[in-house]
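Structure first, then comments.
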Amino acid sequence: MSEHSIASRAAPPGLSHHLADYAAARRSFTWEHARLALTGGSDPRLNIAYEAVDRQVQRGCGVWLAARFIDRAGVRVDLTYSQLQRSCARFANVLGALGIGRGAAVATLLGRTPELFTVALGALKAGNVFCPLFSAFGPEPLKTRLMLGHIQVLVTTATFYRRKVEGIRALLGELRQVLIVREDANEALPAGTTDFAELLREASELFQTAATRDTDVALLHFTSGTTGMPKGVTLTHAAVIAQHATSELVLDLHPQEVYWCTADPGWVTGIAYGLIGPLTCAVTMIVDREEFDPQRWYQILAEEHVNVWYTAPTAIRMLMKAGTELTRAHQYPHLRLMASVGEPLNAEAVIWGVQAFGQPFHDTWWQTETGAIMIANFAAGEVVAGSMGRAVPGIDAAVVRRTAAGGIEAIDSPDEVGEIALRPGWPSMFSGYLDNPERYRASFHDGWYLAGDLARRDREGYFWFIGRADDVIKSSGHLISPFEVESALMQHPAVAQAAVIGIPDPIAGQAVKAFVELKSGVAPDEALRLKILGHARHLLGAAVAPREIAFSQALPRTRSGKIMRRLLRARELGLPEGDLSTLEGEP
Ligand code: WT7
């Protein structure tokens, strides 16, 4: 073992890890077995909602708590598997009554609420496609996603609707229904919307789960690339096979354990591991409706007796910043596994886990496109601090290079940097980029899926993250497309051109910085800078908008006119400028 390895917390008496012996698990694991473990047969039907909810009720666990929602005041709302089954059936019936056909896309723009569970799983039960939208998005990213996703039903609150959707509604020709989750009973319904609760009340509690198959599209998650519009990643009902298997193999979830995933349901982690995977393991999920707050988080971990906690590096760094005394104000005897995902988890954070909690954070790696965890530090044994871990059983992961002949070749020598690649064939692999088959095909080369991340793999098979192969920005775990931010900036009347990069940030990992070229005759002053910032925040939402804007007289362009973000980043960070042979104005 390497010098970086740190012992995980031992399993409590009576509990055995799902994956105790890595080598043995890799040898014996097959996806065929993983599928059989779910449906308990070779039925060609497979439905995520059935596996997550109905199955637990069927095997007599209906009275177990599926989720506990905690609001600002600390008030808890508990939901059993049976209650969840009934509300999902009702929503599935509502979709039918509204004439929404199978396969049509249903989206949520909601906080972490019980209604989100109902809508997501009810839509899946009815054979519809579920698409979560991030509630911190502004109108511009929402418009793009609602349009690209062909969303027919949107479930949201009156506040979100008025602030973000009403103004773009006329552009959304395919949006047939907006259902409002009332935040208080006396609240007026905006024009052109329907009361969600009332529809639900009128619907029957019985619904025969749609006979979906492994290859039917179930989930639509938007992700960002370097160029062009966001990409709609589709996952099929078969994703539940991998999401369940990894909830056991990596998160080591056992029935009736208390599990807390802090990810927002607007992103893939919040659905795969904040909803589907854990419910298939019959755990009780903690859902905090509030935003991050160190004291509150420690209190939840302690008071709710959280056993397994899945969080993200930005949150861990914020906890570190808040100080270990706060951590130590509580005790966490029930907490037996802490895991992290979404951005690089530095070794210091892993080691801080040991100081503060007596156990390390377990880093895991995956992407929207992979639909489930692909690389992980496992619960049993050791964590290698600073490494993302090893390939999950059933996953063939490698570091590859492109050959001169245009092919792909796995790198055998340890520690050489290349791109992370995965052999297609795992059940949660994305089934497409919506309406963009060329882009989908371009993700595969020579029998590999290329992830767009650079890494190295050591002698023991541990992957070490190096960076992205593209210009995409990761800020607080959110993938941000420079193109989308640039497009919003360019909608401001004073802006001629914009270029957006990620700059290092000690807490968020990266922060969004924009360089703006003004139209000729417009004077760059502080008032204008603030106006453009305000414009971007309003359109994009605070989570996506640039934190900094700098005026530039001439953005570096290639001779073909493309802005060289790479060069801007190098200049910003004082790095070598690299190959400038294509730079406009160079000899
Ligand atoms: C990108 C995928 C992971 C699911 C939620 C985000 C980065 C992910 C790690 C990690 C370093 C990581 C990669 C990846 N990333 N996990 N453990 N260490 N980087 O999914 O929004 O599609 O983002 O997040 O760059 O490609 P996503």
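Starting from 1, each residue takes its place in the sequence as its number. Ligands are counted one by one from 1 in listed order, and the atoms in each one are counted from 1 as well.
- Heavy atoms from both the backbone and the side chain of Trp366 come within less than 4.0 Å of ligand 1.
- Counting heavy atoms from C-beta outward, Met388 and Ile420 have side chains that approach closer than 4.5 Å.
- Between Asp446 and Arg402 there is no salt bridge, since no side-chain N of the basic residue sits under 4.0 Å from a carboxylate O of the acidic one.
- Look at Arg390 and Glu460 and you find no salt bridge, because none of the NZ, NE, NH1 or NH2 atoms lies under 4.0 Å from a carboxylate O.
- Nearest protein heavy-atom contact of atom 15 (N) of ligand 1 is Gly342 O, 3.3 Å.
- The atoms of ligand 1 that sit less than 4.0 Å from any heavy atom of Pro344 are 11 (C), 18 (N), 19 (N).
- Residue Met388 places no N or O, backbone or side chain, under 3.5 Å from any N or O of ligand 1.
- In this structure, Gly452 does not count as a contact residue of ligand 1, since none of its heavy atoms falls inside 4.0 Å of the ligand.
- Within the listing of ligand 1, atoms 1 (C), 14 (C), 25 (O), 26 (O) sit less than 4.0 angstrom from a heavy atom of Arg468.
- By the 3.5 Å distance cut-off applied to N or O atoms, Glu369 is not counted among the residues near ligand 1.
- In terms of N/O distances under 3.5 Å, ligand 1 is approached by Thr368.
- Between Phe160 and the choices Thr108, Leu154, Leu142, Leu109, the side-chain contact (heavy atoms from CB on, under 4.5 Å) rule is met once, by Leu109.
- With respect to the salt-bridge test (charged N to carboxylate O, under 4.0 angstrom), the residues Glu291 and Arg112 qualify.
- Ranking protein heavy atoms by distance to atom 9 (C) of ligand 1, first place goes to Trp365 CD1, 3.5 Å.
- Near Asp453, meaning under 4.0 Å from any of its heavy atoms, are these atoms of ligand 1: 13 (C), 14 (C), 25 (O), 26 (O).
- Shown in contact with Thr269 at under 4.0 Å from a heavy atom are these atoms of ligand 1, numbered in order with element: 4 (C), 5 (C).
- Residues His221 and Thr223 have side chains not in contact (no heavy-atom distance under 4.5 Å, counting atoms from C-beta outward).
- Note on ligand 1: Thr364 sits in its first shell, one or more heavy atoms being nearer than 4.0 Å.
- Each of Arg569, Arg571, Arg566 was scored for a salt bridge (Lys or Arg N to Asp or Glu O under 4.0 Å) with Glu577, with one residue passing: Arg571.
- The shortest contact between atom 23 (O) of ligand 1 and any protein heavy atom is with Lys474 NZ, 2.9 Å.
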